[in-house]
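Presented below is the structure to which this report refers.
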Amino acid sequence: MAVTVDRWMLPGELARADEQGESSGRRTPRDWAVDVTMFSIAALVWFLEFEYFVLPNVLDLPYWARVADPVAGAVVCLAIWWRRRFPVAGGLLAATAGALANTAAAAMILLLFSLALHRGWKPAVPITSVAVLISVPYIHSYFPGAAGRPLPWLISLVLGAALVVTTGIGVRARRQVVLALRMRADAERREHTRELEESRRAERQRIAREMHDVLAHRISLLAVHAGALEYRTAQAERGAAPEPSAAEVRDVVAVVRSNANQALEELREVLDLLRQRPDGEDGREAPQPTVARLPALVDEARLSGQQVRAGFSGGLGDLRPQVQRTIYRIVQEGLTNARKHAPGAAVEVLVSDAAAGEVVVQVVNVAPIGVTTSEIPGAGAGLTGLAERVALHGGELSREITDGEFRLRARIPCPS
């Protein structure tokens, strides 16, 4: 029996899937072996009954019965080959022809067993009862001793029929239990695969967010200084400005080298963090930025030429490290976006304390001319990642343009 299952089913659905698989007409090597064995047993019993009971007429059967018995028995034996595809028809044949043919004794038992196995007790019990009722007058008429002691014969017949049906039902129940367990294992395996894929996707998003937060700030600083040197050199070539002195070039190159080294260092820290084992067996954690590094971040922005006014309230160092890291990333992203999309504009950075039960982080700069709220520059991976970070703390991130100013604002609850 080959049944394909794709989800967890109720017992009734299991039965229907079982019936569909059995009625498909496809036999596995195991099915062929079972069918050949059952047919061989039925044919052997047919031959023995015909050789030792029907031909010698041991039961004193009439002539018509001796002719019909082997024919009906042969038909019932052949029906074994179609017992999976037509179990009810095979059971009806066994209950009628098989009950009146001695040569069909084994085939009748096998067909009634198959009926209970493949269709359950609802059709098996009434059809088997019909077989018993039809057999009673035949046995009473032709079997020696049945007429004198009918009760033991009747009890034996009923018990034998009940044994056949209950055995088939028991095997059916076991098959359905095995099928249900297999389906459950398949469902759990698919669920595990889905969870693994989601974990991998979340890890890729985490890597992308960390890479953006770390590298975007540093690369933008490099671009600003390299662009300033390029502009100054181009102006000097046209005679619009004096040649940059060696000291000026050295200072710019030093800033570029310093930021490149810091970018590499921060990239290494991110990679160390991502390589950490989930159970923390390596015994250390990669350093992460906190609010204590905000002044240094602002100083770097000022060195790159940005006009930054910053205000940081006290008490921020008592916040959870995760919240401090999120605050740092918000300020970093705000400065980076201002440098990229509003070069030369003044930037105001304000971070309030948690006295009122929440921290408010705000970065404000002049918006590019002609840009609306729906066209906010930089509202891509960086701000999306920030929104996810803030949401993890139960906070809210907003970005809008009002009165010609781009305002990035985050509210993070900090319960005392």
Side-chain angles (χ1 to χ4, degrees), residues 1 14-16 18-23 25 27 30-50 53-54 59 65 68-143 146 150 152-176:
M1 178 181 66
L14 281 171
R16 286 192 291 273
D18 190 36
E19 293 173 8
Q20 292 171 1
E22 290 155 355
S23 61
R27 284 191 177 94
R30 177 182 175 278
D31 293 338
W32 278 105
V34 172
D35 290 348
V36 169
T37 301
M38 295 180 70
F39 179 77
S40 300
I41 294 174
L44 178 61
V45 172
W46 179 92
F47 174 78
L48 295 176
E49 289 280 348
F50 181 74
F53 286 92
V54 178
L59 300 178
D69 193 304
V71 175
V75 172
V76 176
C77 288
L78 290 174
I80 288 177
W81 291 105
W82 291 273
R83 65 187 181 87
R84 287 189 177 86
R85 195 167 186 179
F86 307 106
V88 176
L92 290 173
L93 180 64
T96 53
L100 302 176
N102 293 290
T103 54
M108 179 182 67
I109 292 173
L110 295 175
L111 287 175
L112 292 177
F113 169 82
S114 296
L115 174 62
L117 172 63
H118 299 304
R119 291 297 181 269
W121 66 272
K122 289 185 178 180
V125 171
I127 292 176
T128 304
S129 300
V130 170
V132 172
L133 293 177
I134 295 176
S135 300
V136 169
Y138 181 83
I139 293 176
H140 184 271
S141 301
Y142 297 107
F143 275 68
W153 281 90
L154 181 60
I155 293 175
S156 299
L157 187 61
V158 172
L159 290 178
L163 178 62
V164 171
V165 173
T166 54
T167 302
I169 293 174
V171 175
R172 175 183 175 83
R174 180 185 177 278
R175 285 188 178 183
Q176 289 185 343

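The side-chain heavy atoms of F113 and V171, taken from C-beta on, include a pair separated by under 4.5 Å. Looking only at side-chain heavy atoms (C-beta outward), H118 and R85 stay at 4.5 Å or farther from each other. Between R83 and L110 there is no side-chain heavy-atom pair separated by less than 4.5 Å. Using a 4.5 Å heavy-atom cutoff, the side chains of V165 and L112 are not in contact.
Shown here for A95 and I134, the closest heavy-atom pair between the two residues is O-CD1, 3.3 Å. Shown here for G73 and A104, the closest heavy-atom pair between the two residues is CA-CB, 3.6 Å. When all heavy atoms of R172 and A116 are compared, the pair lying nearest together is CD-O, 3.6 Å. Across every non-hydrogen atom of V76 and A97, the tightest pair is CG2-CB, 4.1 Å. Minimum interatomic distance between A43 and C77 (heavy atoms only, all atoms of both residues): N-SG, 4.3 Å. Residue P87 comes nearest to L115 through the heavy atom pair O-CD1, 3.6 Å, listed as atom of the first residue, atom of the second, then distance.
Note that the CD1 atom of I109 and the OG atom of S114 stand 12.0 Å from one another [nearest 0.5 Å]. Atoms CD1 and CZ, on I169 and R119 in that order, are 14.0 Å from each other to the nearest 0.5 Å. To the nearest 0.5 Å, the span separating CG on L163 from OG on S156 amounts to 12.0 Å. Note that CG of L48 and OG1 of T103 are 11.5 Å apart. Values are rounded to the nearest 0.5 Å. Summarising the geometry, atom CG belonging to L117 is positioned 11.5 Å from atom CZ belonging to R174; distances are rounded to the nearest 0.5 Å.
A donor-acceptor pair is defined here as one N or O able to donate and one able to accept, closer than 3.5 Å; such a pair exists between the side chain of D69 and the backbone of N102.
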Item to complete: Please report the C-alpha distance between L159 and I155 in whole Å, then the side-chain angles of each, then the deciding distance to 0.1 Å, and finally whether the side chain to side chain contact (heavy atoms under 4.5 Å, CB included) criterion is met.
Response: CA-CA 6 Å; L159 290 178; I155 293 175; 3.7 Å; yes

Worksheet item: Would W81 and V36 satisfy side chain to side chain contact (heavy atoms under 4.5 Å, CB included), going step by step from the backbone distance to the final call?
Response: CA-CA 8 Å; W81 291 105; V36 169; 3.8 Å; yes

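By the side chain to side chain contact (heavy atoms under 4.5 Å, CB included) test, S135 pairs with A99, I139, L157, sequence neighbours left out. With sequence neighbours excluded, no residue satisfies side chain to side chain contact (heavy atoms under 4.5 Å, CB included) with V71.
The stretch residues 120-132 participates, sequence neighbours left out, in no side-chain hydrogen bond (donor to acceptor under 3.5 Å, both in side chains) pair at all.
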